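Computed from a predicted model, the values in this text were never measured in an experiment. Residue numbering restarts at 1 for every chain, and letters A, B, ... go by the order of the sequence lines.
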Amino acid sequence: MNFFSVQGISLTIGFILILIGLWGILTQRNLIRIIIGFTIFNNGVNLIIVALAYMKGRTAPIIDQVVTRTDAVDKVADPIPQALVLTAIVIGVGVTAVMLSYTLRMYRAKHSLEINVFTESKW
Amino acid sequence: MYKKLFVLLLLAVLGWSFFTLLQTHQERQSLNPLSKHYVEKGPDEVGAPNLVTAIVVTYRGFDTLGEVTILFVSAAIVGLFLKTENRRRKYKIRSTSEILHAAQRLLFPVMILFGIYIFMNGHLTPGGGFQGGAVIATAMILVLLTNPESPISHRAFNLLESVSGFSYIIIGVLGVLLAGGFLDNHILPLGKFGNLFSAGAIPLIYSFVGLKVGSELSSIILNLNDVQKDDK
């Protein structure tokens with residue numbers, strides 16, 4: 001495929017974001033940084049799903065004067081991945097809020113954000 | 001040391017597999033059969049010009065119900081984790097600047113109105129319940145930034161959330177009784193294509209989803225604000 005098309009660039013950035021996020025999750029010691037790693041990973045996945053819906057020269061799936069009902073099939077991008085990403089973004093927000101509040105709770109228990117301190121929850 | 005090497009190896013293997021995926025990927029030239037059905041039949045079956053909304057609210061209504069449930073559960077978990085006994089701040093906070101106060105008074109009603117506009121027009125324009133709810137929660141952040149001691153009632157938000165969530169379920173069940181199935185939007189007439197009051201129950205459903213999401217995100221923010229009163 002062509003790496004310098006819109007889709008190629010978006011997919012490449014998405015995969016790079018996934019790798020950066022995974023690196024952050026696996027190597028960082030600070031809980032907040034691990035959460036940032038998770039959100040970067042999440043954004044990378046969302047970007048990839050949206051990029052897969054892209055088709056050259058097509059527009060948003062909303063029917064109006066320009067995109068009429070009859071020629072919509074040839075003019076709009078795929079609406080299903082966009083709907084899925086809408087769901088995924090909202091769930092990402094919920095998961096991030098839960099992770100942050102749990103981190104606050106852990107900080108209150110030990111007064112530290114280093115993951116090495118929490119040895120009793122290690123298996 | 002071994003751990004770092006292992007991580008690098010894992011990332012290299014993943015990166016290589018992503019690269020081969022990218023190399024063999026072909027850009028699609030036409031919609032797949034399912035999307036084609038949604039795009040072709042969607043305007044007639046659902047009556048919403050915004051096809052993403054048609055999919056989110058009607059064709060895949062169960063997904064949205066699950067999504068709203070997940071957001072509700074996470075708001076509840078945040079409330080549980082950040083429960084505070086002592087709700088009085090131990091230290092005095094400096095009052096914020098006049099500019100912020102004036103901007104907040106000016107912008108707050110506009111932001112709330114904009115959020116309502118976004119979720120009311122979810123079936124016509126790019127927008128919808130989740131986006132509108134997020135805008136409303138942003139207005140709450142502005143209020144708390146201006147004055148972290150603002151007397152905002154948690155109970156009002158909990159009540160709003162419960163009422164809108166319950167109404168959403170009721171509309172879904174009405175779909176079973178009056179129309180084709182759970183969350184079917186044909187319980188109201190489809191109306192003229194492209195008008196505000198069209199697409200059956202979609203504006204109603206999205207309004208309830210918007211109120212629910214707005215109050216859930218606001219209660220998460222209020223909880224995170226309250227927890228600062230405990231810590232020094």
Side-chain angles (χ1 to χ4, degrees), chain A residues 1-3 5-8 11-12 14-16 18-20 22-23 26-27 48 52-56 58 60-64 67-70 72-91 93-105 107-108, chain B residues 3-4 7 10-11 14-15 18-19 21-32 34-36 38-40 42-44 49-56 59-60 63-64 66-68 70-71 73-75 77-78 81-82 124-126 128 130 134 193-194 213 217 220 223-224 227 230-231:
Chain A
M1 78 164 284
N2 181 11
F3 282 98
S5 61
V6 175
Q7 194 178 36
L11 285 175
T12 315
F15 282 131
I16 290 172
I18 288 183
L19 290 178
I20 293 173
L22 198 62
W23 174 80
L26 290 176
T27 58
I48 286 173
L52 287 176
Y54 173 84
M55 275 176 273
K56 198 171 187 321
R58 295 197 177 207
I62 296 172
I63 289 169
D64 53 10
V67 182
T68 57
R69 283 190 201 203
T70 40
V73 177
D74 301 316
K75 275 193 175 172
V76 299
D78 195 342
I80 295 176
Q82 303 191 5
L84 293 181
V85 167
L86 178 60
T87 312
I89 289 172
V90 175
I91 291 172
V93 169
V95 171
T96 310
V98 169
M99 284 195 290
L100 282 173
S101 57
Y102 193 54
T103 307
L104 252 168
R105 195 64 184 246
Y107 179 78
R108 272 194 202 160
Chain B
K3 208 193 151 202
K4 266 190 183 162
V7 168
L10 184 76
L11 290 180
L14 259 180
F18 285 159
F19 183 70
L21 265 180
L22 263 175
Q23 261 188 332
T24 52
H25 177 75
Q26 289 295 326
E27 199 171 318
R28 273 188 299 152
Q29 298 304 323
S30 61
L31 299 171
N32 61 22
L34 184 64
S35 320
K36 208 168 176 174
Y38 287 161
V39 173
E40 271 177 349
D44 296 323
N50 185 346
L51 296 166
V52 177
T53 298
I55 292 171
V56 167
Y59 286 121
R60 293 182 178 241
D63 280 12
T64 307
E67 180 184 1
V68 168
I70 287 176
L71 203 59
V73 171
S74 69
I77 293 174
V78 169
F81 277 159
L82 303 183
L124 305 175
T125 55
F130 297 100
F193 186 79
V213 170
L217 293 179
I220 289 178
N223 275 318
L224 284 170
V227 84
D230 280 6
D231 304 322

Within a strict 4.5 Å, meaning less than it, do heavy atoms of the B:P49 and A:D64 side chains meet?
no
Need one label for B:Y38: side chain, backbone, both or neither, based on atoms under 4.5 Å from any heavy atom in chain A.
side chain
Which value, rounded to the nearest 0.5 Å, describes the distance between B:L10 atom CG and A:L22 atom CG?
6.0 Å
Restricting to side-chain contact (heavy atoms from CB on, under 4.5 Å), what partner residues turn up for B:V39, sequence neighbours left out?
A:A72, A:V73, A:V76, A:P79, B:L31, B:L51
Turns out that what part of B:T125 lies under 4.5 Å from chain A's heavy atoms comes down to backbone
Where do B:V78 and A:A97 come nearest, in terms of heavy atoms and distance?
CG2-O, 3.7 Å
Pairwise side-chain contact, A:V93 with B:I220, heavy-atom cut-off 4.5 Å (strictly under):
no
Any chance OH of A:Y102 has more than 12 other-residue heavy atoms, nucleotides or ligands included, within less than 6.0 Å?
no
When rounded to the nearest 0.5 Å, the distance separating CD1 of A:I91 from CG of B:L71 is 9.0 Å
Close side-chain approach of A:L52 to B:H25, heavy-atom, < 4.5 Å:
yes
Under 4.5 Å from a heavy atom of chain B, the part of A:I16 involved
neither
Does some side-chain heavy atom of B:I55 sit less than 4.5 Å from a side-chain heavy atom of A:I80?
yes
Look at B:L11, B:L22, B:V7 and state which one has the largest set of heavy-atom pairs under 4.5 Å with chain A.
B:L22
What part of A:T12 lies closer than 4.5 angstrom to a heavy atom of chain B: side chain, backbone, both or neither?
both
Between A:P61, A:G94, A:P81, who has the most heavy-atom pairs with chain B when the cutoff is under 4.5 Å?
A:P61
Chain B heavy atoms under 4.5 Å from A:T87: which part of the residue, side chain, backbone, both or neither?
both
Tell me, side chain or backbone of A:A88 under 4.5 Å from chain B's heavy atoms, or both, or neither?
neither
Counting only non-hydrogen atoms closer than 4.5 Å, does B:F130 touch chain A with its backbone (N, CA, C, O), its side chain (CB onward), both, or neither?
side chain
Heavy-atom nearest pair, A:A83 first then B:V56, reads CB-CG2, 3.5 Å
Toward chain B, the part of A:A60 with a non-hydrogen atom under 4.5 Å
neither
The side-chain contact (heavy atoms from CB on, under 4.5 Å) partners of A:I89 (sequence neighbours excluded) come to A:N46, A:V85
Pairwise side-chain contact, A:L84 with B:D63, heavy-atom cut-off 4.5 Å (strictly under):
yes
For A:I18, which atoms come within 4.5 Å of any heavy atom of chain B: side chain, backbone, both, or neither?
side chain
Applying a strict 4.5 Å limit to non-hydrogen atoms, the region of B:K4 in contact with chain A is neither
Inter-residue atom distance A:L100.CG - B:L224.CG, 0.5 Å rounding:
7.5 Å
